[in-house]
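Notes follow the structure.
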Amino acid sequence: MPPLSYDARKIAALTTNPGCARRAVLDAAGIDKARLAGRLGATPGAFTQSPFALTRGRAFEALVKANGYAELITLLRAELAAPVEEARVADLAAAEGDRASVRTRARATERLLKRVIAEEDSRLILDHPVLTLEIAGQTAYLEPDALSHRIGDRIHVVVIKSFAAIDGQADPRKTAAAAREAAVHVLALRRTLTGLGASADLVADQFLLVCPKDFSNRPYGRLIDLRQQLDAVEHQLRRLARAEDLAGALDADASLDLSVQGDQGPPVVSDDHLARTVESLDYLYEPGCLDFCELSRHCREKALAAGAPARLGGTVGGDLPGLDHIAVALSLAHGQAEPDEHRREVVERLRAAARLRARCLGRGVAS
Amino acid sequence: MSVLTTYARLRAAEAGRAEPLATVRHVHLAARPFVLIPLALAGEACAPLAALVGAERERPELLIVAEPRDRTQRFAFVADLADRVLPHLDSFTRDTEEYTGRRDGAKRILTRCTEAPQILVPNPGGIAFLRLLGRSTRFRGTEGPHAVPPGVPLLGKWLTWFTDRAEFPGSSQLLAMTEALSVHWATGQSGTEDGNLASLIGWIAPPDGHDGHEAARLAEDPALRPPAGPATDPVFDHTLHELLDRYERAGTDPLRAALRHQLEKQLRSQLAPTWDLMWRGVDLLRSLPPGASVAGRWEFDRTLFTDYAAYLAETGLPQARRDHAVGAARRLARLEDATARYELARAYDDPLVMAEHELAGRAFTGVVIATDPSRMVKGPRSALFRPLVTLRTDALPPRLELGDKVKSPTRRDQPARLLAVRALPDGDAEIDLELEGGLARKRKPPAPPGCVPEPGEELCYTVLDTGHSPLAFPDDEATPWTHGGPPTPYTPTEDDADEAWE
């Protein structure tokens with residue numbers, strides 16, 4: 001099976017739970033985590049998009065880019081004070097024909113970027129460019145919605161989203177997700193430009209978010225600062241280079257091959273074998289994983305079996321330093337076991353809590 | 001969250017059943033709550049798709065939009081919803097009672113409704129959706145192009161008002177069921193997972209033969225337990241997409257009617273399980289006795305409801321899109337004040353909440369071991385009547401200092417002062433308190449029976465004080481430049497309603 005390549009969303013997800021070696025290795029190896037979850041007998045996290053959301057997203061992007069990108073150019077003028085002169089647009093999705101592979105489009109993007117670097121007053125907007133980013137020995141092809149022309153000697157990444165900004169305020173969670181994706185694009189563009197001999201400063205550390213205004217379809221744009229996200233993504237990418245080291249700890253016969261023999265034959269690697277390999281990769285489950293990782297429900301069951309308090313949420317884990325098992329924490333709290341020196345303080349607090357609750361509820365401490 | 005909650009969650013996880021976080025109910029539950037479960041179309045800013053509504057458990061009413069991408073139909077839906085909600089709100093304005101309150105800086109006899117409406121939605125997402133629905137409808141014109149029925153902007157103003165009130169802790173006018181339940185129970189799963197009403201109730205009241213873990217897993221299957229909205233299950237959206245497309249293309253009226261019927265059936269199947277859960281949530285909350293301060297907070301809710309209904313009957317301007325600086329500052333102060341009052345009242349109402357403060361060392365519980373009910377001390381002019389109470393407690397409250405003023409939730413009108421703390425060899429402590437009031441205005445002994453605690457009585461004392469006054473603000477005319485000077489009163493502009501219809 002061809003490995004699934006990284007996309008901006010996946011790379012951004014890595015910054016959400018950076019400590020999870022399992023996800024780092026699986027993504028680096030390009031494993032289809034939803035299928036893997038199915039093979040492990042877990043329900044894959046449901047991340048299918050609603051057909052309504054897809055249609056709406058496409059319609060809105062088409063609207064922003066309709067009539068020679070009139071709306072986009074208007075927004076660039078308003079938000080970035082771009083001069084009124086006509087800007088040209090190179091549509092990289094269409095230019096090479098619909099069936100153009102990402103590789104061809106990436107090469108075309110690079111050619112155009114060379115021109116943008118060479119001409120200081122280049123007025124070229126790149127639509128659907130393809131940028132490449134080397135991650136853990138793999139080339140990821142990234143597709144930003146658009147790149148602005150050089151305005152004030154800066155290129156801005158443009159992200160078009162169909163969630164609304166109502167009275168100037170968009171859903172903060174969705175905005176944050178868009179910003180994480182934009183940061184990946186900015187980083188990829190900077191690396192591409194430095195590769196072409198230009199300065200990384202040519203790419204702004206802000207991006208233009210375009211979304212519908214209020215309850216209408218009218219586009220609304222705002223520049224959003226990315227410096228924090230850029231730091232986070234850069235840090236993760238440096239870490240990712242070690243994914244191979246992480247995988248190095250695997251047994252020689254470890255395998256994550258999900259393919260089947262022939263068309264619909266038996267799997268090449270047995271479910272048990274897969275499970276063994278997955279379990280040998282350290283995971284770091286936290287409830288937030290449920291929002292973005294296809295394998296999260298599998299890890300949740302493992303965390304449940306392991307009695308890990310962290311699955312109850314960050315504050316619970318944070319309240320129990322040094323206690324990594326629920327049953328152990330409870331037996332210490334109920335005085336059925338004695339803590340060592342390092343855990344004395346946390347156990348004292350748990351015991352006080354147990355006493356207070358027992359008294360308020362009129363029951364014995366451990367009953 | 002505190003270690004107390006953490007411990008409760010650990011126990012719940014181990015036992016497979018939710019643990020109580022409260023011994024009394026901290027929210028008001030109306031005799032006739034209005035349950036409203038909205039569904040929205042994915043991908044749109046605020047496109048209502050359906051709602052299951054009603055104040056009677058046996059009679060949920062289904063409202064749907066057959067073409068949710070069509071604005072005219074969306075507002076027709078809102079008009080339908082207004083026809084259900086507005087008469088319900090109106091029904092509370094008839095019976096009123098008199099009370100003495102302040103208005104325009106003077107004491108006056110005022111009236112307020114004896115009961116007020118309460119709206120229940122499944123989750124915070126439901127509140128957010130109603131807020132958007134309010135925002136999208138309150139400015140709509142009832143004349144001219146794209147006119148809407150008068151109920152639409154009126155409902156918009158009410159929804160905006162309700163969702164604004166929902167941000168105030170202690171207000172019970174609009175409640176999200178998941179949040180109301182989470183105040184009273186700790187589950188053995190994370191807060192994120194508690195956001196799913198079905199799995200939360202699965203933990204609190206697991207079906208026979210299942211524990212909380214299993215019940216919650218079953219509840220996570222969207223085919224078994226459709227999401228409680230406003231977002232729909234993306235898999236269900238495929239069915240819906242097909243039906244909506246067929247409806248739009250249908251040429252004949254009978255075909256449209258048949259498809260509409262199918263749509264209703266599908267949407268009802270998505271909403272009905274949540275309807276049951278909402279009422280089970282109501283049952284669960286009703287199983288707890290109300291806290292002592294709940295009625296007082298609800299009285300305030302009733303007063304505000306009465307005042308806003310009167311405002312709508314007189315001026316009735318929609319709420320501005322944004323608060324001006326003064327309004328925002330006032331609102332923030334009111335929010336902080338409401339939060340502080342609510343937290344305090346909860347602690348006084350509920351020993352399990354007070355336990356949080358005990359754990360933090362701001363309160364202690366002890367048994368009275370000795371009293372000196374006729375103690376007199378030297379005062380500046382004459383001798384003062386100050387009975388002495390000695391309690392024995394099992395833990396030394398670290399944050400209490402000698403001389404601190406303390407009060408007991410069960411003796412709220414009796415201020416006391418901490419005189420001495422003696423640590424005992426076995427880890428317990430003896431605490432001396434002197435009573436400074438609550439002695440039936442007696443200036444010398446004997447105090448009437450019951451005024452001084454008796455030996456053997458168990459009492460909780462805390463430094464938390466209910467005598468808390470909100471921040472004073474200057475009059476509008478005296479607003480300093482930091483807040484933009486005196487504000488100009490809000491008048492709606494054409495701009496507010498300006499929005500492309502398509």
Side-chain angles (χ1 to χ4, degrees), chain A residues 43 46-57 59-60 162-168 171 211-218 286-288 290-291 297 300-301 304 307 309-320 326-327 329-330 333 346 349-350 352-357 359-361, chain B residues 1-14 19-20 23 41-47 68-69 71 128 132 135-136 187-193 213 217 220-222 231-235 237-238 240-241 244 321-322 350-352 354-356 358-359 365 394-395 499-502:
Chain A
T43 330
F47 303 106
T48 47
Q49 249 195 317
S50 160
F52 300 112
L54 287 172
T55 317
R56 162 87 166 153
F60 182 67
S162 62
F163 57 79
I166 289 162
D167 296 333
D171 183 335
C211 52
K213 185 179 179 343
D214 299 336
F215 305 99
S216 69
N217 269 331
R218 261 187 319 196
E286 54 189 35
L290 293 169
D291 291 339
R297 292 191 178 186
R300 182 175 64 177
E301 293 310 316
L304 178 65
R311 82 176 164 80
L312 301 177
T315 47
V316 174
D319 274 344
L320 303 169
I326 292 176
L330 282 173
V346 52
R349 265 184 296 145
L350 275 179
R355 261 199 315 275
L356 282 166
R357 277 187 64 84
R359 195 190 68 215
C360 295
L361 295 166
Chain B
M1 284 253 285
S2 69
V3 180
L4 214 64
T5 319
T6 294
Y7 170 72
R9 278 195 183 274
L10 293 180
R11 286 202 54 152
E14 189 74 356
E19 279 273 307
T23 59
L41 189 74
E44 303 282 322
C46 180
R69 283 160 292 197
R71 257 160 213 273
L132 281 184
R135 164 64 183 83
S136 78
T187 65
Q189 63 184 2
S190 67
T192 319
E193 291 156 304
H213 291 289
R217 291 294 174 277
E220 275 180 359
D221 183 354
T232 47
D233 170 22
V235 177
D237 278 358
H238 286 277
L240 189 67
H241 192 249
L244 289 180
R321 288 199 289 176
R322 284 191 192 177
D350 188 344
L352 209 45
M354 187 60 93
E356 304 256 3
E358 285 192 51
L359 202 61
T365 300
D394 61 358
E499 189 186 304
W501 192 256
E502 280 319 311

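Numbers restart at 1 for each chain; the letters A, B, ... are given by sequence-line order, proteins then strands.
Heavy-atom distances place no part of B:D221 under 4.5 Å from chain A, backbone and side chain included. Only the side chain of A:I166 comes within less than 4.5 Å of a heavy atom in chain B; its backbone stays farther off. For A:A327, the parts lying near chain B are the backbone and the side chain together; criterion is any non-hydrogen pair under 4.5 Å. For B:L4, the parts sitting under 4.5 Å from any heavy atom of chain A are the backbone and the side chain alike. Contact of B:L240 with chain A is made through backbone and side chain together, with heavy-atom distances under 4.5 Å. With a threshold of 4.5 angstrom between heavy atoms, B:P20 approaches chain A through its backbone and through its side chain.
Between A:E286 atom CD and B:T192 atom OG1 the span is 9.5 Å, to the nearest 0.5 Å. Distance CE/B:M354 to CG/A:L356: 12.0 Å, rounded to 0.5 Å. One finds the CZ atom of A:R355 at 5.5 Å from the CG atom of B:D394 (value rounded to the nearest 0.5 Å). Here B:H241 contributes atom NE2 and A:T55 contributes atom OG1; the two are 4.5 Å apart, rounded to the nearest 0.5 Å. Taking CG of A:L312 as the start and OG1 of B:T6 as the end, the distance is 8.5 Å to the nearest 0.5 Å. Atom-to-atom distance recorded for B:L41:CG and A:R56:CZ is 9.5 Å, nearest 0.5 angstrom.
When B:Q189, B:H238, B:R217 are compared by the number of non-hydrogen pairs under 4.5 Å with chain A, B:R217 comes out ahead. Of the residues considered (B:A231, B:S190, B:A355), B:S190 shows the highest number of contacts with chain A, using heavy-atom pairs under 4.5 Å. No other option in B:T23, B:L132, B:L244, B:T187 has as many heavy-atom pairs under 4.5 Å with chain A as B:L132. Ranked by heavy-atom pairs under 4.5 Å with chain B, the first of A:A333, A:P287, A:G288 is A:P287.
Minimum interatomic distance between A:F52 and B:A42 (heavy atoms only, all atoms of both residues): CB-O, 3.3 Å. The minimum heavy-atom distance linking B:D237 with A:S50 is given by the pair OD2-OG, 2.6 Å.
Using a 4.5 Å heavy-atom threshold, the side chains of A:L320 and B:L10 count as touching. Taking 4.5 Å as the limit, every side-chain heavy atom of A:R349 sits out of range of all side-chain heavy atoms of B:L359.
Salt bridge B:E193/A:R311: absent, no basic N to carboxylate O contact under 4.0 Å.
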